[in-house]
Amino acid sequence: MALLPILCYPDPRLHKVAQPVAAVDDRLRTLIDDMLETMYDANGIGLAATQIDVHQRLVVIDTSEERNQPLVLINPEITWMSDERVKGDEGCLSVPGIYDGVERATAVKVTALDRDGQTQNIEAEGLLAICIQHELDHLKGKVFVEYLSPLKQGRIKTKMVKAQKAER
């Protein structure tokens, strides 16, 4: 397994729309394992393939306390969202150190393939539902800061660019 580099906002590659996964094979399962290792190493609860510059509809999530219940979503589609909404602070591995309020549905239903290519139907609420919505946004080329005001977006972009220059 390998740790993969995570793209940082405002990298334009984060805005590419992911394409459907054509085949669930050993190459994809290796990518899934690498994504899980990368997510756990970065102390994240979700990672979309877009964030590692792979533009396929693939997401890994683990919201468990023990970090031992990985969820793999291949070609995920939200089939239902609750009307009830909640606004909570979100963060993102592609926007390190930044947290802000985003409004999301409190519950969702999702259809996706698992790591073996089998169809799974998931009903999620709370943190898992929010995480699924956040990660599926990445597959559409959307980063959570885009839900914020233009002023906040500009401040975050400036802060991230400065941080990236300081690292070089």
Answer yes or no: is there a side-chain heavy-atom contact under 4.5 Å between [X] and [Y]?
X      : Y      : answer
Asp53  : Asp11  : no
Gln56  : Leu28  : yes
Lys140 : Val17  : no
His15  : Val143 : yes
Asp41  : Met39  : no
Met35  : Leu4   : yes
Lys109 : Asn121 : no
Ile98  : Phe144 : yes

Determine whether a donor-acceptor pair (N or O, by modelled atom type, separation under 3.5 Å) exists between the side chain of [X] and the backbone of [Y].
X      : Y     : answer
Asp62  : Ile45 : no
Arg13  : Thr50 : no
Glu135 : Ala48 : yes
Thr106 : Val86 : no
Ser94  : Gln51 : no

Contacts of type salt bridge (Lys or Arg N to Asp or Glu O under 4.0 Å), residue Asp33, not counting sequence neighbours: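 With neighbours one apart ignored, the set is Arg115.
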Considering only distance and modelled atom types, tabulate donor-acceptor pairs under 3.5 Å from the side chains of residues 68-75, sequence neighbours left out.
residue : atom : partner : partner atom : Å
Asn75   : OD1  : Val21   : N            : 2.7
Asn75   : ND2  : Val21   : O            : 3.1

Write down the atom of [X], the atom of [Y], and the distance for their closest heavy-atom approach.
X      : Y     : answer
Pro96  : Cys8  : CD-SG, 4.1 Å
His138 : Cys92 : NE2-SG, 3.4 Å
Ala2   : Thr38 : O-OG1, 3.7 Å

Asp137 bridged to Arg104 by N-O distance under 4.0 Å: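 Yes.
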Distance under 6.0 Å and angle within 45° of ring axis: Lys159 vs Tyr9: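 No, Lys159 and Tyr9 do not form such a contact.
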More than 12 heavy atoms from other groups under 6.0 Å of CD on Glu123: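 12 or below, so no.
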Heavy atoms from other residues, nucleotides or ligands near CZ of Arg155 exceed 12 (cutoff 6.0 Å):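 Open: at most 12 neighbouring heavy atoms sit under 6.0 Å from CZ of Arg155.
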